[in-house]
Amino acid sequence: MTKWIHFGGGNLFRAFHAEIAHHISEPVVVAETWDEEVVEKIYNQYDGQIVNVTLKGNGQLETELLTAVSKAYYVSKDNESGQAGFDEVKRIFEDAALQFATITITEKGYKPLPNGADSPSIVLYTELLLARFEKGGAPIAMVSTDNFSRNGDVLKNAVLVVANKWLEAGTVSADFLAYLQDDTKVSFPWSMIDRITPNPAESVREQLVESNVAAKYGFNNTDLDILHTEKRTNVALFANTEETHYLCIEDNFPNGRPALEEGGVILTDRLTVEKIDEMKVCTCLNPLHTALAIYGTILEFPSISAMTKDAQMMALIKEIGYNEGMKVVVDPKVINPKEFIDAVINDRLPNPYIPDTPQRIATDTSQKLPIRFGKNISLYAAGEAAPLTAADLTFIPLALAGWVRYLLGVNEAGETITLSPDPKLEASQAIVKDLTLGWSGSAEELHAILQPLLSDETIFAQDLYAVGLGEKVEGYVAELIAGPGAVRATLKKYLNV
């Protein structure tokens, strides 16, 4: 009898959700929809066991063997094994005993594909909910635990888009739509999740081997080798993560739930989740991470922790967080914003034992900018920081200008660098293709190039010109691309460091 199923068997699940399930003794089934190798060579190879490694700031490694994963399936319509996995997961959804599903598929997993087709993951969830409806319509909670604001509504709306297309095509009934929209039948709780979980690192593997951790749990040292799959997933028997973590979920589970609070989950109301989420995603962590990722890639820092030793990088994130962000943050009461951001800047990001890189954080930046910076820009524009307006912002637009500079794909010296995967990378680079390091065109020419990009509400959550920031970002871009060394010179000018 399965009560909990999770979609997305990546490292965040392995280090966090699986830990919660283990601590409350609740078996969880994993449905991996992207990479078959992860299921075959990691989950099935080791019977769902996970060596969870907590990386403490003093260099100590704390390990724990997690055993809550009862089964893992690769779910896809593209091949025989994927179809077999789908059939098994469908049977789980048809069983009224299933109470909830959690999801980690990143922001882009909820959006249509570049060709306009519906997200395969959203189609999958809609199919599974249809199967549940047709077997009696037992209640269920569909819990997005991806790292963006109002994630429950985003999931619900995406599912409804697919279901409405099916209704128009005559393949489902209006009763199915009513089922999806009845919160007592299918709920889509909001959540906030926070735990920095980099890809498993070779340095951590070496420490585990030196400490003979594999033998402690009945494995061989070779079992700790990191798998690099053909689809560019990096995963291992072990997951490495930080000590600090939060998972806050709106307590709306129409078919019941296990005692998640005993695993450290904060169960609360929707408004509190929203306040917690906005505090973290829009002010106290995620914008800082993205600013570091953008400039860290250009300046070729080897790690996030190394960046915190750089005076300019620290000054930048302090200005974005303490200065501009905290002016519009809402205190959720259950977590203190000042204490939260203090821990991020003073303890979490500087932890040299967290093997995180700006390049990892820079993945899908175009999908993150509207969430991590757009909300605060809109609050300034709405007068929430009166008498300041959006046009008074300095460091948030400097981060956005940094992303435009990043799109050039060259480092501070003008040498080619590898940019992280991003669904809008190619299209965004095409817009700025005429910009080069050392570009000396006029302000009017620069505006003509950048206007289509900076007015794109899908990237910045608003037309930056409409809120008084477009021209300011253009000016910063002009300084950042002036020539070799211009990034450092621009940061020094505005940060006075």
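Numbering of residues begins at 1 and proceeds along the displayed sequence. Everything numeric here is computed off the predicted structure, so don't read it as measured data.
- When each of K111, R372, K424 is tested with Q367 by the rule side-chain hydrogen bond (donor to acceptor under 3.5 Å, both in side chains), just one qualifies, namely K111.
- Under the 30°/60° scheme for interplanar angles, the aromatic rings of Y43 and F13 are found to be tilted.
- You'll find the side chain of Y322 reaches within 4.5 Å of the side chain of K338, heavy atoms only.
- The closest side-chain heavy-atom distance from V329 to T283 is below 4.5 Å.
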Might you work through the salt bridge (Lys or Arg N to Asp or Glu O under 4.0 Å) test for D35 and K231, ending with a clear yes or no?
-> CA-CA 7 Å; D35 200 327; K231 290 187 173 181; 5.8 Å; no
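- H6 and H17 have tilted rings, their planes meeting at an angle from 30° to 60° on a 0 to 90° scale.
- Judged purely by atom type and a 3.5 angstrom limit, Q312 uses its side chain to pair as donor or acceptor with the backbone of V497.
- With hydrogens and angles ignored, the 3.5 Å screen pairs a side-chain donor or acceptor of R195 with a backbone N or O of E242.
- Within 6.0 Å of atom CD in Q451, more than 12 heavy atoms from other residues, nucleotides or ligands are found, so the atom counts as buried in its surroundings.
- Not a single donor-acceptor pair under 3.5 Å links the side chain of S455 to the backbone N or O of D463.
- Judged purely by atom type and a 3.5 angstrom limit, T229 uses its side chain to pair as donor or acceptor with the backbone of T233.
- With Q49 contributing its side chain and Y46 its backbone, the two residues share a donor-acceptor pair below 3.5 Å.
- R405 forms no cation-pi arrangement with Y476, by the criterion of a distance under 6.0 Å to the ring centre and an angle within 45° of the ring axis.
- A291 approaches I320 most closely through the heavy-atom pair CB-CD1, 3.7 Å.
- Screening D277, D153, D183 against R270 for a salt bridge (Lys or Arg N to Asp or Glu O under 4.0 Å) leaves a single residue, D153.
- In plain terms, the two heavy atoms of L393 and K472 that are nearest each other are O-NZ, 2.7 Å.
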Could you walk me through whether Y295 and Y406 pass ring pair (Phe, Tyr, Trp, His ring centres under 6.0 Å), step by step?
-> CA-CA 8 Å; Y295 282 104; Y406 165 95; 9.8 Å; no
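- Judged by distance alone, the side chain of T104 and the main-chain N or O of D146 form no donor-acceptor pair under 3.5 Å.
- Annotation for L237 and R14: closest pair O-NH2, 3.2 Å, computed over non-hydrogen atoms.
- Checking side-chain atoms of D356 against main-chain N and O of I304 turns up no donor-acceptor pair under 3.5 Å.
- In this structure, N252 contributes its side chain and P189 its backbone to no donor-acceptor pair below 3.5 Å.
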Let me see the working for F395 and Y494 under ring pair (Phe, Tyr, Trp, His ring centres under 6.0 Å), right down to the final yes or no.
-> CA-CA 8 Å; F395 303 100; Y494 292 101; 7.7 Å; no
